[in-house]
Amino acid sequence: MSFQLIPYIMLDGQAKEAILFYERALGAELLFKQTFGQGPQNPDSPLKAEDAALVAHAILKIGDTEVFVADSIPGLTLQQGNILTICLTTDDSNQAKQFYQALQQGGQVILPLEAAYFSPAYGMVKDKFGVTFQIFTKRQS
């Protein structure tokens, strides 16, 4: 038996923008994207044009990891919190710095990127979509 835990970023109408942002900031590759309008429709409850254009599901490949991105289902309220973060892990301090600088554009620095007892370059940033990333650099052996 095999299974995965996959980060799923839920947004409120900004999924298309986020996908482009992560492509630039992290070198993400878009593997799949479908809008609500491309899915099965209920003729008794047609989607508004703006809802049909929202991203129902997208798959990004970032490094060796898949990340899902979507807009919240039309009519459901999105609630943001900080209980879950995404930890970007690298063994290259320069790459960590690039990720950190790219993700903070329009976002908020939570912890500056600096040496810590457990990492030569560690920091936290909340991006402009409210997603919190930990940037972690592995120690060289």
Side-chain angles (χ1 to χ4, degrees), residues 1-43 45-141:
M1 180 170 85
S2 173
F3 68 94
Q4 296 176 292
L5 292 174
I6 298 175
Y8 206 127
I9 300 171
M10 297 297 295
L11 297 167
D12 193 15
Q14 303 132 323
K16 286 179 185 175
E17 181 185 353
I19 290 165
L20 294 173
F21 178 74
Y22 296 136
E23 286 174 330
R24 288 189 307 271
L26 303 175
E29 177 187 356
L30 180 62
L31 301 179
F32 175 83
K33 182 177 81 172
Q34 183 177 37
T35 65
F36 285 103
Q38 292 171 312
Q41 302 299 305
N42 179 350
S45 179
L47 287 172
K48 294 185 252 176
E50 61 269 15
D51 290 341
L54 295 173
V55 175
H57 185 64
I59 302 171
L60 297 178
K61 183 168 176 132
I62 303 174
D64 294 330
T65 303
E66 286 186 356
V67 175
F68 295 169
V69 179
D71 288 308
S72 182
I73 296 170
L76 291 184
T77 303
L78 181 68
Q79 296 179 20
Q80 294 186 359
N82 62 0
I83 196 166
L84 181 67
T85 64
I86 296 175
C87 186
L88 284 170
T89 303
T90 180
D91 57 6
D92 182 334
S93 293
N94 289 326
Q95 185 178 47
K97 185 177 179 180
Q98 290 172 349
F99 288 153
Y100 182 81
Q101 289 173 338
L103 288 168
Q104 68 177 286
Q105 298 305 309
Q108 171 191 357
V109 170
I110 298 171
L111 290 175
L113 185 72
E114 57 190 18
Y117 71 92
F118 54 86
S119 171
Y122 175 80
M124 289 179 71
V125 61
K126 183 185 294 184
D127 74 12
K128 63 184 178 180
F129 303 103
V131 178
T132 300
F133 287 87
Q134 296 182 54
I135 313 300
F136 176 79
T137 309
K138 296 178 188 176
R139 289 199 177 278
Q140 300 295 322
S141 314

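Just so we're clear, the structure is a prediction, and the values are computed from it rather than from any experiment.
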Residues which pass side chain to side chain contact (heavy atoms under 4.5 Å, CB included) with [X], listed by chain and number, not counting sequence neighbours:
X      : result
Gln101 : Lys97, Gln104
Ile86  : Pro7, Ile9, Val131, Phe133
Gln41  : Leu47
Leu20  : Glu23, Arg24

Solution key, residues 115-124 side-chain donor-acceptor pairs under 3.5 Å, sequence neighbours excluded:
from   : atom 1 : to     : atom 2 : distance (Å)
Ser119 : OG     : Ala121 : N      : 3.2
Ser119 : OG     : Ala121 : O      : 3.1
Ser119 : OG     : Thr137 : N      : 3.2
Ser119 : OG     : Thr137 : O      : 2.7
Tyr122 : OH     : Gln134 : OE1    : 2.7

Does any part of the side chain of [Y], heavy atoms only, come nearer than 4.5 Å to the side chain of [X], both counted from C-beta?
X      : Y      : result
Tyr22  : Asp127 : yes
Val69  : Val55  : no
Phe21  : Leu26  : no
Tyr100 : Val109 : yes

Open item on the list: Just checking Leu30: does its CG atom have more than 12 heavy atoms from other residues, nucleotides or ligands closer to it than 6.0 angstrom?
Closed with: yes
Open item on the list: Over 60° means perpendicular and under 30° means parallel, so tell me whether Tyr8 and His57 are parallel, tilted or perpendicular.
Closed with: tilted
- [ ] Keeping the roles fixed (side chain from Lys16, backbone from Ala53), state whether a donor-acceptor pair exists under 3.5 Å.
- [x] yes
Open item on the list: Checking the side chain of Asp71 only, and the main-chain atoms of Ala15 only, is there a donor and an acceptor separated by less than 3.5 Å?
Closed with: yes
TODO: Search all heavy atoms of Leu31 against all heavy atoms of Glu66 and return the closest pair with its distance.
DONE: CD1-OE2, 3.7 Å
- [ ] Compare every heavy atom of Leu103 with every heavy atom of Ala25, then report the nearest pair and how far apart it is.
- [x] CB-CD2, 4.4 Å
Find the distance between [atom1] ([X]) and [atom2] ([Y]) and round it off to the nearest 0.5 Å.
X      : Y      : atom1 : atom2 : value
Asp12  : Thr77  : CG    : OG1   : 8.5 Å
Asp51  : Ile73  : CG    : CD1   : 11.5 Å
Leu88  : Gln98  : CG    : CD    : 12.5 Å
Ile6   : Leu60  : CD1   : CG    : 11.5 Å
Phe32  : Phe68  : CZ    : CZ    : 10.0 Å
Gln108 : Thr132 : CD    : OG1   : 8.0 Å

- [ ] Mind checking salt bridge (charged side-chain N to carboxylate O under 4.0 Å, His left out) for Glu17 and listing every partner two or more places apart, or none if nothing turns up?
- [x] Lys128
Task: Worked check of side chain to side chain contact (heavy atoms under 4.5 Å, CB included) between Leu54 and Phe36 - done: CA-CA 6 Å; Leu54 295 173; Phe36 285 103; 3.7 Å; yes
